[in-house]
Amino acid sequence: MTRDYRKGMQFLADARERLDMVAKKLKLDSGLVDKLKFPKRALIVSVPVKMDNGRLKVFTGYRVQHNLDRGPGKGGIRYHPEVTLEEVTTLAMLMTWKCAVVNIPFGGAKGGIYCNPREMSLKELEGLTRRFTYEIMMMIGPEKDIPAPDVYTNPQTMSWMMDTYSMHQGFSVPGVVTGKPVDLGGSKGRLDATGRGVMFATREGLKHLGLSLKGATVAIQGFGNVGSASARLLREAGAKIIAVSDISGGLFDPEGIDIPSLIAYIKKSKDKLLKGFKGPKFVSNPKRANEKLFSLKVDVLIPAALENQITSENAHRIRARMITEAANGPITPRADKILAKKKVFVIPDILANAGGVVVSYFEWVQDTQALFWKEKEVNTKLEEIMTEAFYDVLRTSKKHRVDMRMAAYMLAVSRVAEATRLRGIYP
Ligand code: NAD
């Protein structure tokens, strides 16, 4: 595997450029801006794993805490062949803004391991996870930094992390990670939480545009945890999902894809991919499938795969009325400018996909209190927070005559800056 470091570096440069723009609007002190541009701390670890063939393989892992002024660090762990320190650092920064925009008492963190999980057995993944947890143990803990799942990690990964951490403490510490299975102190509603938040944000966005979810046409890039839950919940709310894609290609049906059957098909299939699903037209070349999906005339386009998907090269082909950023950083700053000219209403990632971290917060609260809530309670509280955050951002956007992304950043950065100001600089 050879890593392309430029992508992560560009991602970080873009995030810092965005912060500069926001800081200018907020007239923030340049020293404070520097503090916000760089992570509080970053750890690089070597993770030796005994592979199934008996050989030792060493992976590189990262945990980055961007800012902890508003509370413990919070952010997912990503297993992916494109993970770099720069990518993880950027995602940690996005987590700081995300927690602040929905006003939950967490700072931003992120972790990742440079690996290809699709080529690893369950036993190898368990070894990787447990050793990685041990290596970052000095940084994590319920009061310090609480990891969660991200790309190619899941409730099983979180179970191994929780167990490894607990074995070292000598007692069970469920609050060290979120996104656990319900049987191990996870929260009801967590699996769907990001998708549910995407649905709430999309619903309010359409309302703002004078449209309704009922009958709205939607295209979704990425059909993993977030993409599939968003598709299912949007469909349940009356929307028509006319295109979805993943790494195997894309499915297209102007009459609407049967999402429950597709999800059932993927669950049963060996490789968990869209390919082979009967009915809708299938475009097997993933690049072409994405091109087609991005250029569809739909009410809502939802990138729910990875960062840097909508760029200056393809943004001018977009014909969607609105984009809900379910993935982190799917639109580059240059593409943003093109979309603004085309008057596409963009609900930014730090707001649109915050449902996951909100329910992670609920999970942490429940673990800390050892008192668990019904799913209805979780979903109702999530809806309240997401709706309130959406209108906080919309009001800021109207007041300062800026787009939703700038408004979300202004709100988030000002909240973090205020926490820093109140705490002061130690010593
Ligand atoms: P996942 O691994 O479950 O799913 C990713 C999906 O994207 C898969 O279907 C994969 O095939 C697809 N994909 C990858 N590259 C693609 C490409 N080039 N074209 C089309 N499809 C592609 O991951 P996830 O948890 O659903 O996360 C997706 C995004 O949402 C990430 O950016 C993640 O950081 C973000 N996010 C996730 C959560 C969460 O709770 N899981 C919360 C907030 C944000």
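For ligands, and for the atoms within them, numbers begin at 1 and follow the listed sequence. Numbers here are sequence positions counted from 1. Quantities reported herein were computed from a predicted structural model and do not represent experimental measurements. Only heavy atoms go into these numbers, but all of them, side chains included; no hydrogens, no water, no symmetry mates.
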Exercise. Within 45 degrees of the axis of the six-membered ring of Phe38 and under 6.0 Å from its centre: does Arg16 put its NZ or CZ there?
Worked result: yes
For this session: Report the member of Gly222, Gly224, Pro330, Ala305 with the shortest heavy-atom distance to atom 28 (C) of ligand 1.
Result: Ala305
Problem set entry | Selection from Leu191, Asn353, Asp192 by shortest heavy-atom distance to atom 43 (C) of ligand 1 | Asn353
Problem set entry | Pair Thr153-Arg78, side-chain donor/acceptor within less than 3.5 Å | no
Exercise. Counting from 1, what ligand 1 atoms have a heavy atom of Asp150 closer than 4.0 Å?
Worked result: 33 (C), 34 (O)
Exercise. Is Arg317 atom CZ crowded by more than 12 heavy atoms from other residues, nucleotides or ligands, each under 6.0 Å away?
Worked result: yes
Exercise. Which residue and non-hydrogen atom of the protein lie closest to atom 2 (O) of ligand 1, and at what distance in Å?
Worked result: Tyr152 N, 3.4 Å
For this session: Decide whether a cation-pi geometry holds between Lys381 and Trp373; the criteria are a distance under 6.0 Å from NZ or CZ to the six-membered ring centre and an angle within 45° of the ring axis.
Result: yes
Exercise. Does Lys214 NZ have over 12 foreign heavy atoms under 6.0 Å away?
Worked result: no
Seminar exercise, completed: Residue, atom and distance of the protein heavy atom nearest atom 3 (O) of ligand 1 read Asn225 N, 2.9 Å
Exercise. Considering only the protein, which heavy-atom contact is closest to atom 14 (C) of ligand 1, and what is its distance?
Worked result: Ile247 CG2, 3.6 Å
For this session: Can you pull out the closest protein heavy atom to atom 39 (C) of ligand 1? Residue, atom name and distance to 0.1 Å, please.
Result: Thr194 OG1, 3.5 Å
Seminar exercise, completed: So the atoms of ligand 1 within less than 4.0 Å of a heavy atom of Ala326 turn out to be 30 (O), 35 (C), 44 (C)
For this session: Mark up the atoms of ligand 1 that fall under 4.0 Å of a heavy atom belonging to Arg190, in ascending order.
Result: 40 (O)
Exercise. With no hydrogens and no angle check, do the side chains of Lys292 and Ser245 hold a donor and an acceptor under 3.5 Å apart?
Worked result: no
Problem set entry | Heteroatom distance test (Phe223, ligand 1): nitrogen or oxygen, under 3.5 angstrom | yes
Exercise. By number and element, which atoms of ligand 1 are closer than 4.0 Å to a non-hydrogen atom of Gln221?
Worked result: 17 (C), 19 (N), 20 (C)
Exercise. When you look at NZ of Lys275, are more than 12 heavy atoms from neighbouring residues, nucleotides or ligands closer to it than 6.0 Å?
Worked result: no
Exercise. Take atom CZ in Arg319; do more than 12 heavy atoms of anything else shown fall under 6.0 Å from it?
Worked result: yes
Problem set entry | Heavy-atom nearest neighbour in the protein, as seen from atom 32 (O) of ligand 1, with distance rounded to 0.1 Å | Asn328 N, 3.1 Å
Exercise. In this structure, are over 12 heavy atoms from other groups packed under 6.0 Å from Glu313 atom CD?
Worked result: no
For this session: Could you find the nearest protein heavy atom to atom 41 (N) of ligand 1 and give me its residue, atom name and distance?
Result: Val226 CG2, 3.7 Å
For this session: List every atom of ligand 1 that sits less than 4.0 Å from any heavy atom of Asn290, numbering the atoms from 1 in the order shown and giving each element.
Result: 17 (C), 18 (N), 19 (N), 20 (C)
